[in-house]
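These numbers come from a predicted model, not from an experiment. For ligands, and for the atoms within them, numbers begin at 1 and follow the listed sequence.
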Amino acid sequence: SGSKSDQDPKNSQLNIEEDKKLNIEVLPENTDKEDLSFKVIIIGDSNVGKSSLANKAIKNKFDSGYSATIGFDFFSFFVKINNKVLKLQIWDTCGQEIYQSLITNFYRNCSFGILVYAINNRDSYEHLDIWLKEIKRESNPDAKIFLIGNKCDLEKERVVTYEEANIYSENMEFSRFFEASAKEGINAKEIFIEAARILYEDYITYKSEISSSVSEKTNPEIKITLNKKEHKSICC
Ligand code: GTP
Ligand code: MG
């Protein structure tokens with residue numbers, strides 16, 4: 001029997017302050033020095049809101065008009081975690097089928113995938129298997145992947161339940177599932193903060209595993225092994 005605030009979906013956003021061990025600070029877009037850099041790709045059907053989530057998270061902007069991404073867009077997201085500056089190089093791809101052969105190249109050396117569907121678009125949910133197969137085939141095999149159900153502000157148009165997507169996410173071993181709304185700013189920034197936090201923690205784990213035997217010069221972006229299968233999900 002939770003309190004009233006537990007039941008309000010707006011209050012169940014990711015709490016990034018939750019993890020007291022880590023000191024997390026989002027840095028401005030024009031930050032010019034980083035300690036660690038990771039390539040993150042956003043994929044999913046056209047019109048689900050991939051660009052909108054990136055724009056909301058990074059520029060705090062939302063545009064209700066639709067302009068399809070042609071090829072890809074590129075964003076940088078900087079987060080300072082403890083004493084390290086992480087740069088996420090975010091590749092926002094287009095969902096349109098005619099460009100698929102082009103975006104396959106962008107999966108290479110990817111450390112992290114963000115697979116997006118829209119809760120009011122059944123096709124975008126049914127197509128997740130295809131996207132997942134593609135990213136697993138083309139990217140770093142250890143890359144972690146988040147599942148994001150966007151447009152959760154459109155509750156009246158919902159055709160994909162939270163529960164079914166959560167089960168799918170567990171079965172397919174996504175490392176996180178959450179619903180989000182680029183429009184309302186629900187879990188938009190948190191997607192990238194959480195991705196950075198996981199990449200940082202894996203980097204620290206990796207470093208401590210190799211510290212006795214391998215030189216510090218090893219490139220963490222290429223060699224980091226992301227093998228912890230953890231699963232958490234958060235409703236929007
Ligand atoms: P492609 O670039 O074609 O692959 O599409 P995309 O996935 O980047 O979608 P985009 O971000 O361009 O958004 C598509 C449409 O959905 C736009 O009209 C957005 O304004 C709208 N939209 C995006 N996110 C949300 C959301 O959270 N809620 C609502 N209501 N509309 C959204
Ligand atoms: Mg787009």
Side-chain angles (χ1 to χ4, degrees), residues 8-14 29 39-77 88-107 110 112-135 138-139 145-162 165-166 169 174 176-195 233-236:
D8 180 352
K10 294 266 169 9
N11 285 332
S12 30
Q13 287 191 43
L14 277 179
E29 230 191 311
K39 184 174 166 185
V40 175
I41 192 166
I42 314 179
I43 56 172
D45 274 16
S46 199
N47 203 27
V48 296
K50 300 180 296 297
S51 304
S52 300
L53 284 169
N55 272 300
K56 185 67 189 178
I58 292 151
K59 302 179 190 294
N60 197 25
K61 281 186 190 149
F62 177 76
D63 183 352
S64 60
Y66 172 45
S67 89
T69 304
I70 306 298
F72 69 94
D73 269 333
F74 188 74
F75 297 86
S76 297
F77 184 72
L88 303 191
Q89 305 169 272
I90 299 168
W91 299 69
D92 166 30
T93 64
C94 60
Q96 282 173 311
E97 196 123 17
I98 47 167
Y99 299 110
Q100 285 317 300
S101 60
L102 193 132
I103 71 165
T104 304
N105 295 315
F106 301 139
Y107 292 108
C110 212
F112 216 97
I114 295 171
L115 177 47
V116 186
Y117 68 95
I119 68 147
N120 66 335
N121 176 340
R122 191 76 208 174
D123 281 350
S124 73
Y125 179 76
E126 304 291 349
H127 293 160
L128 290 174
D129 274 340
I130 298 169
W131 286 109
L132 197 56
K133 210 176 278 172
E134 188 102 324
I135 194 171
E138 302 291 344
S139 73
I145 309 168
F146 281 0
L147 178 63
I148 306 296
N150 190 38
K151 306 199 185 185
C152 73
D153 56 290
L154 298 176
E155 192 54 50
K156 284 189 194 128
E157 296 175 22
R158 179 188 284 275
V159 289
V160 181
T161 67
Y162 177 84
N166 194 29
S169 157
F174 283 90
R176 295 280 190 283
F177 162 56
F178 22 104
E179 293 193 335
S181 165
K183 185 178 181 188
E184 301 291 330
I186 301 169
N187 284 342
K189 204 175 234 178
E190 287 79 359
I191 294 168
F192 300 98
I193 295 173
E194 185 65 0
S233 51
I234 297 97
C235 183
C236 96

Indicate yes or no: does an N/O atom of [X] lie under 3.5 Å from an N/O atom of ligand 1?
| X | answer |
| --- | --- |
| Q96 | no |
| F62 | no |
| A180 | no |

(message) Please list all pairs meeting salt bridge (Lys or Arg N to Asp or Glu O under 4.0 Å) that have one or both residues in residues 51-67, counting only residues at least two apart or in different chains.
(response) E29-K59
What part of [X] sits under 4.0 Å from ligand 1 if we count only heavy atoms: the side chain, the backbone, both or neither?
| X | result |
| --- | --- |
| L53 | neither |
| D153 | side chain |
| N55 | neither |

(message) Counting only heavy atoms, tell me which of E157, K56, K151 gets closest to atom 22 (N) of ligand 1.
(response) K151
What protein heavy atom sits nearest [atom], and how far away is it?
| atom | result |
| --- | --- |
| atom 3 (O) of ligand 1 | Y66 OH, 2.5 Å |
| atom 23 (C) of ligand 1 | S52 OG, 3.3 Å |
| atom 14 (C) of ligand 1 | N47 OD1, 3.0 Å |

(request) Check ligand 1 against C94 and write out every atom of the ligand that is under 4.0 Å from a heavy-atom position of the residue. (result) 4 (O)
(request) Pull out every atom of ligand 1 sitting under 4.0 Å from any heavy atom of V48, numbered as shown with elements. (result)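 By the 4.0 Å cutoff, the relevant atoms are 7 (O), 9 (O).
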(request) Can you list, by chain and residue number, the protein N, O or S atoms under 2.8 Å from the Mg ion (ligand 2)? (result) S51 OG, T69 OG1
